Number of protein chains: 2
Amino acid sequence: MIKIPNISDAEWEVMKICWLSAPCSANEIVKALEQSTHWKPNTIKTLIGRLVKKGVLGFKEEGRSYSYYPLITEEECIKAESKSFLTRVFGGALKPMLVTFLKDEKLSPAEIEELKLLLEKRED
Amino acid sequence: MIKIPNISDAEWEVMKICWLSAPCSANEIVKALEQSTHWKPNTIKTLIGRLVKKGVLGFKEEGRSYSYYPLITEEECIKAESKSFLTRVFGGALKPMLVTFLKDEKLSPAEIEELKLLLEKRED
DNA sequence: AATCATCAATTACACATGTAAACTTAATTG
DNA sequence: CAATTAAGTTTACATGTGTAATTGATGATT
């Protein structure tokens with residue numbers, strides 16, 4: 001079980017693009033993030049480089065351009081980050097956390113239905 | 001609506017003690033955290049000082065000792081951190097987040113029952 | 001060959017965070 | 001009263017993160 005490195009807020013944004021469109025070039029990531037953030041290309045490239053250094057992203061050289069791909073799945077990163085959040089903010093207690101979110105955020109009737117089914121499945 | 005400053009992981013630990021037993025002296029915080037962490041008293045005092053600087057903790061002088069109290073409620077901090085987490089990791093989508101947690105973590109039958117009720121209440 | 005464009009790598013710098021020692025001052029103890 | 005202890009403040013230093021410029025190398029174009 002490999003230890004998942006800490007991924008910073010900014011790095012999450014980069015990873016999200018990569019998980020969505022891997023493999024992708026730095027240019028593609030830059031293009032995507034320039035739209036959603038006000039980061040300069042150099043900023044984004046630094047973030048890419050740091051993720052590579054952390055072992056979260058890998059790359060394959062294609063000519064003079066690199067093709068980047070995730071070394072850790074989105075699911076795994078989400079799981080690790082979720083666990084960390086749950087522990088830090090709720091001391092590991094799931095129910096109070098769920099109650100907090102259910103109180104504060106919006107859900108459609110279909111989503112509520114689906115969650116109820118999921119809870120019922122958890123009773124088995 | 002005051003902007004809640006970012007509270008680091010270590011600072012969360014300090015705040016949790018304070019929310020639990022406010023008002024409290026630095027010594028009380030130190031005693032509590034020495035048990036649950038391997039931090040030196042100086043470390044904990046620094047964290048306290050930073051929280052004061054961030055405007056998250058206030059204090060009242062009592063002799064040469066300070067009595068610390070939270071300037072932001074636990075609920076508010078949890079809400080802010082939860083929102084930030086939801087946005088960063090799930091792009092703001094509540095259902096996928098709930099699904100992830102329900103898949104990965106344990107709940108007692110009573111807790112499941114309670115959550116179902118809460119979901120039903122959300123349907124109204 | 002010189003120039004330009006493009007790409008990754010290196011460097012820069014400020015601030016935040018983790019961790020804690022050193023310092024200052026006041027109170028307490030012997 | 002001197003020495004010690006206790007409490008808060010300041011300083012220290014390494015690493016992480018946000019943000020981005022600069023540098024170096026290579027390929028394409030003129």
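It should be emphasised that the depicted structure is a prediction, and the values quoted were computed from it without experimental measurement. Letters A, B, ... are given to chains in the order of the sequence lines, protein chains preceding strands, and every chain is numbered from 1.
- Minimum atom distance to the side chain of Thr46(A) is reached by dA20(D), of the listed dT9(D), dT19(C), dA20(D).
- One finds a side-chain N or O of Asn27(B) lying less than 4.0 angstrom from the OP1 or OP2 phosphate oxygen of dA7(D).
- In plain terms, the two heavy atoms of Lys16(B) and Thr87(A) that are nearest each other are NZ-O, 3.7 Å.
- Between the C1' atom of dG18(D) and the CD1 atom of Ile7(A) lies a distance of 16 Å, rounded to the nearest Å.
- Nucleic acid contact for Ser25(B): none, since no nucleic acid atom lies under 4.0 Å from a heavy atom of the residue.
- Of the inter-residue distances, the one linking Tyr68(A) atom OH with Glu62(A) atom CD reads 11.0 Å to the nearest 0.5 angstrom.
- Between Asp9(B) atom CG and dG16(D) atom P there is a gap of 14 Å when expressed in whole angstrom units.
- Residue contacts shown for Lys45(B) include a base, since a base heavy atom lies under 4.0 Å away.
- A donor-acceptor pair under 3.5 Å is absent between the side-chain atoms of Ser84(A) and the main chain of Ala80(A), judged by distance alone.
- Residue pairs that meet the salt bridge (Lys or Arg N to Asp or Glu O under 4.0 Å) test with at least one member in residues 37-58 of chain A, sequence neighbours left out, are Glu11(A)-Lys54(A).
- Atom CH2 in Trp39(A) sits about 13 Å away from atom C1' in dA20(D), given to the nearest Å.
- No salt bridge links Lys31(A) with Glu28(A); every basic N to acidic carboxylate O contact stays at or beyond 4.0 Å.
- If you check distances only, the side chain of Arg50(B) does reach the base of dT19(C) with a donor-acceptor pair under 3.5 Å.
- OP1 or OP2 of dA20(C) sits under 4.0 Å from a side-chain N or O of Thr43(B).
- Between the CG atom of Leu33(A) and the C1' atom of dA20(D) there is a distance of 15 Å, rounded to whole Å.
- Residue-level contact check: Lys54(A) touches the backbone only, with heavy atoms under 4.0 Å from sugar-phosphate atoms and none from bases.
- Residue Asn42(A) has no polar side-chain atom (N or O) positioned under 4.0 Å from OP1 or OP2 of dT10(C).
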Could you go step by step and tell me if Cys77(B) and Ile7(B) meet the side chain to side chain contact (heavy atoms under 4.5 Å, CB included) rule? CA-CA 9 Å; Cys77(B) 288; Ile7(B) 300 173; 3.7 Å; yes
Derivation of the side chain to side chain contact (heavy atoms under 4.5 Å, CB included) call for Phe85(A) and Val89(B): CA-CA 11 Å; Phe85(A) 167 75; Val89(B) 178; over 6 Å; no
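- With hydrogens and angles ignored, no donor-acceptor pair under 3.5 angstrom links the side chain of Ser8(B) to the base of dA16(C).
- Contacts of residues 55-66 of chain A with DNA chain C (heavy atom under 4.0 Å): Arg64(A), Ser65(A), Tyr66(A).
- A sub-4.0 Å separation between OP1 or OP2 of dT17(D) and a side-chain N or O of Asn6(A) is present.
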